[in-house]
Amino acid sequence: MSAPVDPTTTQAWAGLTAHKDTLAPDLRGWFTADPDRAARFTFTLGDLHVDLSKNLITDATVQLLVALAEQVQVPQRFAAMLAGEQINVTEGRSVLHTALRRPRGAQPALVVDGQDVDTDVRAVLDKVYAFAEQVRSGAWTGVTGQPIATVVNIGIGGSDLGPVMVYEALHPYVAGGLTCRFISNIDPSDLADTVEDLDPATTLFIVASKTFSTLETLTNARLAREWLLERLVGDGRLANTAEARSEAVARHFVAVSTALDKVADFGIDPANAFGFWDWVGGRYSVSSAIGTSLAVALGPEAFEDFLAGFHTVDAHVATTPLDRNVPVLMGLLNVWYTNFLGAHTHAVLPYDQHLHRFPAYLQQLTMESNGKSVRWDGTPVTCDTGEVFWGEPGTNGQHAFYQLIHQGTRLVPADFIAMANPANPLTDSGTDVHGLFLSNFFAQTRALAFGKTADEVRAEGTAEAIVPARVFTGNRPTTSILAPALTPGVVGQLIALYEHITFVQGIVWGIDSFDQWGVELGKQLANQIAPAVVGDPEALAAQDPSTRLLIETYQAMRR
Ligand code: F6P
């Protein structure tokens, strides 16, 4: 693996630094002087209409950013990823989530290290689809012979956030009579509240864990198993024998993992386990068998449409020149804001209630990928990396934190995402509510870009003393993404778009966007501390004074 190019030593970086020093952002002036600006900075990506024109960029900015992408070898890195090179160097792995959504029969076949990846991927998908059909048709029954009504996915991080986000996004596509729920947190309330009103006889658990060793997931899976067996035995629907119990586990638990041996140890029939591969990162895994709950809820056909959406973007990113390549341009914009204009965060603001978990999903995707201080060769990064991603659906956010975005001292680039056609076309006294809703989307991006001058405020008759408080500076950058409707394909496109934006930023910064060593220390310490918490005096004595006092206080408070 070659050493990363230090972006700060490139000609383009020097050019961008000089450019920033002379750039006076003026979206009002730029739009007035250039009637073509909106069209020139608007791009089509599959079903997505992506308007970059309200960003703090000129043609020169884009040219320099594209030069930066060339100089840090963005195209070569994408080619390496797509070909299965081990670009996840700290884990010695290929990064092939794009292989998960290649169309059936794609040519030439993707062969990595002599292994036909396409065939492997399709074999698992076929198994997932057959299972999904069985559950959906009622052919798959629980141990009492009843069909399944609720599928509960137990997983955390990438084994939860993708499935739950997509399930919420595609709510209108969920088959009648079937519901999915999701348990992730090791806080026992998550499991207790989720299963509280469920009938174990009609509940199927999918234990989703890439490693099948994650503390939270395995603990919750054991608790779920206990709940199921206790309830069924307790009310006499299951005989209290080892055989009946293991039959119940086999009928009510399936698994998704790369560690199929560990799945069998849990008591899940390996025939009911869906595999994937170590070349799929957890946060890049929703298009793998980790999406099994979705295949059940949505059906194989919709799941295929979902995968096709990803592939549209994968094909675009692989073949489109950099200056028209949407994920590349959006990744470069993020670099522009982070490294040249001093932004620390990035808001994602979906104007679609069904996308309410999209910001949370993106937090893992972007921050677990790019929150790094060393590069892929172990040397320190040479500039700031990963922004804090955050957001809430509009219009709720408008009544909460938009104040800071409009008038605060911080630069917060924001992506606004909306669908032209609502899932629920309701009218209020004859007025289309979706139109009202999206008027807010259009109004917010306009207000952020163009603001309101002191003279405009005065012209409204505002008292002079209050004028400053009512001025909006404008020049607050936004990207607008519009799609026809929140279909499975559009959701796939949105996810793939952000996956590739994330990779582009990682390439510029020279980091391995596919490892996550930063989550390990806390996990290790939790294991070390657990004995102290449950009363081991030696383990308690080994803690630092603050941690020791906290544990002692907890113990004193704990009833
Ligand atoms: O703790 C981080 C992490 O490793 C994520 O990257 C991953 O998505 C999550 O834990 C869950 O891991 P697993 O699927 O192996 O249970």
Side-chain angles (χ1 to χ4, degrees), residues 87-97 100 124 128 152-167 182-187 190-191 205-225 253-266 268 273-294 357-372 386 389 495 498-499 502-503 506 511-530:
I87 62 166
N88 177 357
V89 283
T90 72
E91 295 182 307
R93 291 175 181 169
S94 304
V95 176
L96 276 172
H97 45 279
L100 299 166
V124 171
V128 168
V152 180
N153 187 81
I154 301 178
I156 196 164
S159 300
D160 167 73
L161 288 162
V164 74
M165 181 277 283
V166 176
Y167 179 75
F182 299 85
I183 297 172
S184 54
N185 201 338
I186 195 170
D187 179 340
D190 197 6
L191 179 121
F205 292 96
I206 299 177
V207 185
S209 175
K210 178 175 169 179
T211 55
F212 224 75
S213 60
T214 302
L215 177 72
E216 291 87 339
T217 300
L218 291 192
T219 305
N220 278 325
R222 283 190 295 269
L223 291 176
R225 188 173 57 187
F253 281 83
V254 301
V256 181
S257 187
T258 59
L260 297 180
D261 47 334
K262 293 187 183 139
V263 169
D265 293 345
F266 183 86
I268 295 175
F274 308 100
F276 61 115
W277 306 270
D278 68 3
W279 43 256
V280 185
R283 54 197 175 275
Y284 297 86
S285 67
V286 66
S287 53
S288 73
I290 285 291
T292 295
S293 55
L294 301 171
R357 293 294 287 162
F358 195 50
Y361 170 80
L362 290 183
Q363 286 187 324
Q364 186 198 16
L365 175 64
T366 60
M367 292 159 74
E368 204 172 71
S369 295
N370 286 339
K372 314 271 165 77
F389 273 74
I495 298 173
Y498 281 90
E499 285 177 348
T502 303
F503 184 40
I511 58 187
D512 181 344
S513 296
F514 304 101
D515 63 11
Q516 58 285 316
W517 297 106
V519 297
E520 292 306 319
L521 178 60
K523 285 188 199 172
Q524 269 174 20
L525 288 184
N527 284 332
Q528 279 174 25
I529 289 173

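FYI, the numbering just counts along the sequence from 1. Every number for a ligand or one of its atoms is a count from 1 in the order of the listing.
- Atom CD of residue Glu216 and atom OG of residue Ser159 lie 11.0 Å apart, to the nearest 0.5 angstrom.
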Output side-chain donor-acceptor pairs under 3.5 Å for residues 358-366, partner residues at least two apart or in another chain, one line each.
from	atom 1	to	atom 2	distance (Å)
Gln363	NE2	Phe389	O	2.7
Gln364	OE1	Gly158	N	3.1
Gln364	NE2	Glu368	OE1	3.1
Thr366	OG1	Leu362	O	2.7

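- Enumerated by chain and number, the residues approaching ligand 1 to less than 4.0 Å through a heavy atom are Ile156, Gly157, Gly158, Ser159, Ser209, Lys210, Thr211, Thr214, Gly282, Gln364, Glu368, Gln516, Val519, Lys523.
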Could you check Asn527 against Gln524 for side chain to side chain contact (heavy atoms under 4.5 Å, CB included), going step by step and ending with a plain yes or no? CA-CA 5 Å; Asn527 284 332; Gln524 269 174 20; 5.9 Å; no
Apply the test side chain to side chain contact (heavy atoms under 4.5 Å, CB included) to residues Val124 and Phe276: give CA-CA distance (whole Å), side-chain angles for both, the deciding distance (0.1 Å), then the verdict. CA-CA 8 Å; Val124 171; Phe276 61 115; 5.9 Å; no
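- Counting heavy atoms from C-beta on, the side chains of Ile290 and Tyr284 never come closer than 4.5 Å.
- The aromatic rings of Phe212 and Phe266 sit perpendicular, their planes meeting at an angle over 60°, well past the 30° parallel limit.
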